[in-house]
Amino acid sequence: MYYSELTFSWNLDEFYAGFDDIHFHQDFLLLQKLTEKFVKNYKHTFRTFHTSEKLLWFYEENERILKLAEKIKYFIFYKNFLDISSQGQEYLKKLNTLMLDFFQKFEKMLDECDENFYKKLENLVQKPEFEKYRFAIFRWITQKRRRKKSWNIYVFFQNTLQIQEKIHQYWTLSEEFYQTRIDENAFCESVLEIYFSLAELRTQNAKILGYQNFFEQQCEEYMISSSFLDKIIRESDEKYISQNTSERWKSDFIFWIDEAIDIIYNALNSYDISLWDFFQWMVTHWKIFLETENITSNQAFTTGTLSQSPYIYMSFAWKMNDLFALVHEIWHAYQMQYSQNQSIFHFSASPFLWEFCAVFFEKILEKFLINQKYKKYDFSYYKQKGDILSYSREIFDIEKKIYANIEQWKIKTIDDCKKYISENSSSLFDFLSYQHIIHSPFYTATYIFAHTLVPHFFEKYSFADFQKIASKWGSESIDSIFIQYL
């Protein structure tokens with residue numbers, strides 16, 4: 001087969017035929033009925049449950065609602081991404097309204113629970129039948145206890161709404177910038193205001209919930225302890241950051257589509273045939289959308305949910321760095337596909353596990369190219385890694401210091417924030433256009449973590465060990481998953 005004959009787009013038949021599909025409307029109606037029934041059955045009663053049977057019903061019914069909502073949500077997202085329409089926007093608004101109402105009522109049920117209930121729940125979930133929910137329930141109990149002790153939960157929720165609105169403003173600005181409707185200076189000024197406002201809101205919320213600082217809260221959100229992360233960062237400093245290097249791969253070589261896909265096929269097959277099978281399935285079932293024309297930005301993402309296939313989108317210029325980025329995304333898809341045994345509550349993995357596994361796939365490709373002495377592969381993975389680590393560390397250090405200085409009242413204004421970024425980053429624009437600082441602070445720590453641990457793990461452990469780690473998904477903390485391998 002010539003891969004150039006394939007359509008690198010998405011086939012969404014596993015969802016619905018379209019917005020006019022009767023099954024789409026039936027599922028929407030079913031979701032509404034399920035949420036209404038759930039609230040009616042458990043309002044004022046959940047806090048009285050004292051048997052594992054009743055609790056299991058509660059979580060199983062909740063899971064059914066969330067799985068159906070995710071199926072509808074991702075279908076709307078994919079359709080809107082391919083061809084945004086007023087019809088798609090209306091359905092998305094309708095779904096968001098329905099689920100926001102459900103979540104608010106759900107939270108109200110949980111807020112009625114007291115400490116005695118939490119203690120009973122902690123004992124009940126130790127039973128084997130709760131294994132698929134256990135870690136998520138313990139995390140929920142921890143979060144609820146913090147909210148119960150908080151001094152102003154109303155302000156917390158108001159801040160949370162503002163945070164969501166600020167993030168939405170950022171996406172709108174980014175779209176305007178990449179469509180050249182605003183220039184770089186206007187973009188930086190607007191994003192700086194959003195970023196500083198987000199930092200203030202987040203530090204205030206962390207204090208309301210009783211955290212020492214926002215960094216501690218974000219580590220908990222990412223399922224890793226701050227002490228464990230600090231340990232990995234120190235290791236990274238000792239091994240790599242001190243190696244001052246900026247050499248990167250040359251990306252001026254252009255690949256034909258058949259050549260590029262063949263390289264990935266052969267690299268995955270050389271490591272484990274199951275990876276070849278998976279990539280073959282992704283390609284032939286139209287789960288990969290490669291944007292090769294009119295590329296305005298380097299964009300790549302993988303999305304998916306329980307009981308549905310993963311989907312990859314990537315702007316692809318057929319250069320060497322694009323091969324590594326595509327392999328990176330293929331792993332995200334592989335991990336989703338082979339974590340279908342998890343509950344919906346554990347399907348969201350820690351980004352530290354997410355990036356560790358993706359960089360592992362990059363290492364498979366790198367080893368294959370070196371072993372094949374591939375003529376277009378003319379860079380050292382070690383040097384590339386050092387460059388990525390240095391850049392990630394720069395972003396991470398700036399973020400951490402800004403939040404700390406806001407907490408200590410050393411940064412009080414937008415101008416203070418701008419001055420600190422300008423003095424400590426290689427470029428104000430590079431920092432402010434880095435999307436993770438807006439929607440997922442300290443995310444660059446996941447790259448430091450992954451590029452520090454993967455080389456050692458790749459050489460010492462088998463693919464079976466890797467699969468064991470990957471299958472954990474969101475069911476354990478990062479500390480407990482990795483401690484035995486360090």
Side-chain angles (χ1 to χ4, degrees), residues 26-74 95 98-148 220-221 223 304-308 335-350 353 468-481:
Q26 287 173 340
D27 278 354
F28 228 120
L29 183 61
L30 175 61
L31 180 63
Q32 185 174 350
K33 290 180 177 178
L34 288 174
T35 56
E36 290 172 354
K37 181 182 176 182
F38 185 92
V39 172
K40 182 180 178 181
N41 288 346
Y42 296 110
K43 186 179 181 182
H44 304 314
T45 63
F46 175 64
R47 68 177 186 270
T48 67
F49 290 174
H50 57 274
T51 65
S52 57
E53 185 179 39
K54 286 185 176 181
L55 280 168
L56 273 177
W57 288 342
F58 177 85
Y59 284 106
E60 285 169 357
E61 289 180 33
N62 188 19
E63 182 170 31
R64 184 185 178 194
I65 290 170
L66 296 178
K67 285 172 71 174
L68 183 57
E70 289 281 282
K71 178 184 178 182
I72 296 171
K73 180 185 77 173
Y74 276 104
L95 178 65
L98 172 63
M99 293 310 294
L100 179 61
D101 179 67
F102 172 70
F103 287 135
Q104 287 175 340
K105 291 174 180 175
F106 182 83
E107 285 293 317
K108 213 168 184 179
M109 289 182 224
L110 303 182
D111 287 338
E112 292 174 348
C113 304
D114 58 19
E115 182 59 28
N116 289 330
F117 177 82
Y118 295 152
K119 289 177 179 177
K120 287 178 186 177
L121 186 57
E122 284 175 325
N123 289 328
L124 283 174
V125 299
Q126 299 291 350
K127 295 183 177 183
E129 58 263 37
F130 281 95
E131 183 178 359
K132 66 183 296 189
Y133 304 122
R134 187 176 299 130
F135 185 65
I137 292 173
F138 277 125
R139 292 187 73 212
W140 166 77
I141 292 172
T142 299
Q143 292 165 357
K144 282 298 174 184
R145 279 174 169 155
R146 282 191 176 276
R147 290 187 188 181
K148 287 280 186 181
E220 186 175 295
E221 180 70 22
M223 307 181 203
T305 186
L306 208 59
S307 303
Q308 306 298 329
Q335 192 175 18
M336 285 182 181
Q337 188 72 3
Y338 288 92
S339 297
Q340 292 291 322
N341 62 319
Q342 297 287 356
S343 72
I344 193 75
F345 306 103
H346 290 159
F347 195 69
S348 296
S350 164
L353 181 61
K468 182 179 177 182
I469 284 180
S471 67
K472 298 292 185 182
W473 206 234
S475 63
E476 290 184 33
S477 72
I478 293 299
D479 303 44
S480 64
I481 292 172

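Just so you know, these numbers come straight off a predicted model, no measurement behind them. FYI, side chains are in, hydrogens and waters are out, and symmetry mates aren't considered; it's all heavy atoms of this structure.
- Separating the CG atom in L121 from the CD1 atom in I141 is a distance of 4.0 Å, to the nearest 0.5 Å.
- Distance check: N62 CG to S343 OG gives 10.0 Å after rounding to the nearest 0.5 Å.
- With values rounded to the nearest 0.5 angstrom, I72 atom CD1 is found 11.5 Å from T305 atom OG1.
- Ionic pairing of K132 and E63 is present here: one or more N-O contacts between side-chain nitrogen and carboxylate oxygen are shorter than 4.0 angstrom.
- Less than 6.0 angstrom separates the ring centroid of F49 from the ring centroid of Y42.
- Scored by the side-chain hydrogen bond (donor to acceptor under 3.5 Å, both in side chains) test, K105 finds D101 as partners (sequence neighbours excluded).
- Atom OH in Y118 sits 10.5 Å away from atom OG1 in T142 (nearest 0.5 Å).
- Considering only residues two or more places apart in sequence or on other chains, R134 meets the side-chain hydrogen bond (donor to acceptor under 3.5 Å, both in side chains) condition with none of them.
- By the side-chain hydrogen bond (donor to acceptor under 3.5 Å, both in side chains) test, R47 is found to be paired with E112, residues two or more places apart in sequence or in another chain being considered.
- To the nearest 0.5 Å, atom NZ of residue K67 and atom NZ of residue K71 are 10.5 Å apart.
- Looking only at side-chain heavy atoms (C-beta outward), C113 and K144 stay at 4.5 Å or farther from each other.
- By the 30° and 60° cut-offs, the orientation of the rings of F130 relative to Y133 is perpendicular.
- Considering every non-hydrogen atom in both A470 and L353, the closest pair reads O-CD2, 4.3 Å.
- The shortest side-chain heavy-atom distance between Y59 and F345 falls under the 4.5 Å cut-off.
- Here the CD atom belonging to Q126 is positioned 10.5 Å from the CD1 atom belonging to I137, to the nearest 0.5 angstrom.
- Residues meeting the side-chain hydrogen bond (donor to acceptor under 3.5 Å, both in side chains) test with S52, sequence neighbours left out: E129.
- Residues passing the side-chain contact (heavy atoms from CB on, under 4.5 Å) test with E476, sequence neighbours excluded: K472, S480, I481.
- In the displayed structure, E131 atom CD is contacted under 6.0 Å by at most 12 heavy atoms of other residues, nucleotides or ligands.
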*Which is it for E122 and R145 under the salt bridge (charged side-chain N to carboxylate O under 4.0 Å, His left out) test, yes or no, and what are the steps along the way?*
CA-CA 13 Å; E122 284 175 325; R145 279 174 169 155; 2.9 Å; yes

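- Ring pair F46/F58 is parallel by interplanar angle, where below 30° counts as parallel and above 60° as perpendicular.
- With hydrogens and angles ignored, the 3.5 Å screen pairs no side-chain donor or acceptor of T48 with any backbone N or O of H44.
- Taking the side chain as every heavy atom from C-beta outward, M223 and R139 approach each other to under 4.5 Å.
- The two residues I344 and L306 make their nearest non-hydrogen contact at N-CD2, 3.6 Å.
- The 12-atom threshold is not exceeded at CZ of R64, counting heavy atoms of other residues, nucleotides or ligands nearer than 6.0 Å.
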Do any side-chain atoms of residues 26-38 form donor-acceptor pairs under 3.5 angstrom with protein atoms, and if so which ones, sequence neighbours left out?
| residue | atom | partner | partner atom | Å |
| --- | --- | --- | --- | --- |
| D27 | OD2 | Y16 | OH | 2.6 |
| T35 | OG1 | L31 | O | 3.2 |
| T35 | OG1 | Q32 | O | 2.8 |

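- Residues L110 and W140 are in side-chain contact: their nearest non-hydrogen atoms beyond the backbone lie under 4.5 Å apart.
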